Amino acid sequence: MNNAFMKEAIRQAVENVRSGRGGPFGAIVVKDGRVIATGTNLVTTANDPTAHAEVNAIREACRVLIAFQLAGCEIYTSCEPCPMCLGAIYWARPDRVYFAATASDAADAGFDDSFIYEELKRLHPERRIPFEPMMREAGLEPFREWTKKTDRVRY
């Protein structure tokens, strides 16, 4: 845990708002005591709903490390990660995540993700955006091919 790294993530979030580039979120990825990647929220300027600070920082860190996982890394983020970023963090597998503001603080500022957690509890057809399964048997074919590969990279 390093206060300087968290201060930098928060500073980037503040600067992101002041500059008009995006929302009030910043994240940095640290490896061996050194910042290897940063990210801010660029959802509205990039017209990309996945352009959250943590996702942008993870993408950059993986590019720098030439790896798809962040073993040996820590993520410092200005706010507790949303459900999407939480998923990206688990797939990236850093050693630890530190956050400053909470999800409740974000909700108070208009960034309430609690509805997503509630949606996940609903049956597919009862969600705000209905999910409908189709062609399952055909959809299994890519998995059959994957399991036959002897040189597959597990992740």
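Since this is a predicted model, take the numbers as computed values, not measurements. Every heavy atom of this structure was used, including side-chain atoms; hydrogens, water molecules and symmetry mates were not.
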To the nearest 0.5 Å, how far apart are [atom1] in [X] and [atom2] in [Y]?
X      : Y      : atom1 : atom2 : result
Arg11  : Thr38  : CZ    : OG1   : 9.0 Å
Arg21  : Gln12  : CZ    : CD    : 9.0 Å
Leu140 : Thr147 : CG    : OG1   : 10.5 Å
Ile89  : Trp91  : CD1   : CH2   : 14.5 Å
Phe99  : Ser78  : CZ    : OG    : 11.5 Å
Glu15  : Glu8   : CD    : CD    : 10.5 Å

What I'd like to find out is whether the side chain of [X] reaches to under 4.5 Å of the side chain of [Y], using heavy atoms alone.
X      : Y     : answer
Cys73  : Leu65 : yes
Phe5   : Val35 : yes
Phe111 : Pro24 : yes

So which atom in [X] and which in [Y] form the shortest heavy-atom distance, rounded to 0.1 Å?
X      : Y     : answer
Asp113 : Pro83 : CB-CD, 3.5 Å
Pro94  : Ile75 : CG-CD1, 3.9 Å
Ser19  : Asn16 : OG-O, 3.1 Å
Gly39  : Ala57 : N-CB, 3.7 Å
Ala37  : Ala61 : CB-N, 3.4 Å

Tyr90 OH: over 12 foreign heavy atoms closer than 6.0 Å: no

Flag if over 12 foreign heavy atoms under 6.0 Å of CZ, Arg136: no

Given the rule that I, L, V, M, F, W and Y join up when any side-chain heavy atoms are under 4.5 Å apart, are [X] and [Y] in one cluster?
X      : Y      : answer
Ile36  : Ile28  : no
Val97  : Val55  : no
Phe115 : Tyr117 : no
Val64  : Ile66  : no

Trace of the side-chain contact (heavy atoms from CB on, under 4.5 Å) decision for His52 with Cys82: CA-CA 9 Å; His52 288 203; Cys82 75; 3.4 Å; yes

side-chain contact (heavy atoms from CB on, under 4.5 Å) between Cys62 and Val29, intermediate numbers included: CA-CA 10 Å; Cys62 289; Val29 179; over 6 Å; no

Residues clustered with Val43, ILVMFWY side-chain links under 4.5 angstrom: none

Sequence-distant partners of Tyr98, ring-ring contact (aromatic ring centres under 6.0 Å, His included), two or more places apart: Tyr76

By ring-ring contact (aromatic ring centres under 6.0 Å, His included) - contacts of Phe131 (at least two apart): none

Under the salt bridge (charged side-chain N to carboxylate O under 4.0 Å, His left out) test, residues paired with Glu74 that sit two or more places apart: none

For Arg63, all residues meeting salt bridge (charged side-chain N to carboxylate O under 4.0 Å, His left out), sequence neighbours excluded: Glu60

For [Y], does its backbone N or O pair with a side-chain atom of [X] as donor and acceptor, under 3.5 Å?
X      : Y      : answer
Arg152 : Trp146 : yes
Asn41  : Gly22  : no
Arg128 : Glu119 : no

side-chain contact (heavy atoms from CB on, under 4.5 Å) between Asn56 and Thr40, worked out: CA-CA 7 Å; Asn56 288 334; Thr40 57; 5.6 Å; no

Sole residue of Lys149, Arg154, Lys148 in salt bridge (charged side-chain N to carboxylate O under 4.0 Å, His left out) with Asp151: Lys149

With Asp48 via side chain to side chain contact (heavy atoms under 4.5 Å, CB included) - residues at least two apart: Ala46, Thr50, Ala51, Arg59

Test item: side-chain donor near acceptor, Glu80 and Thr102, under 3.5 Å: no

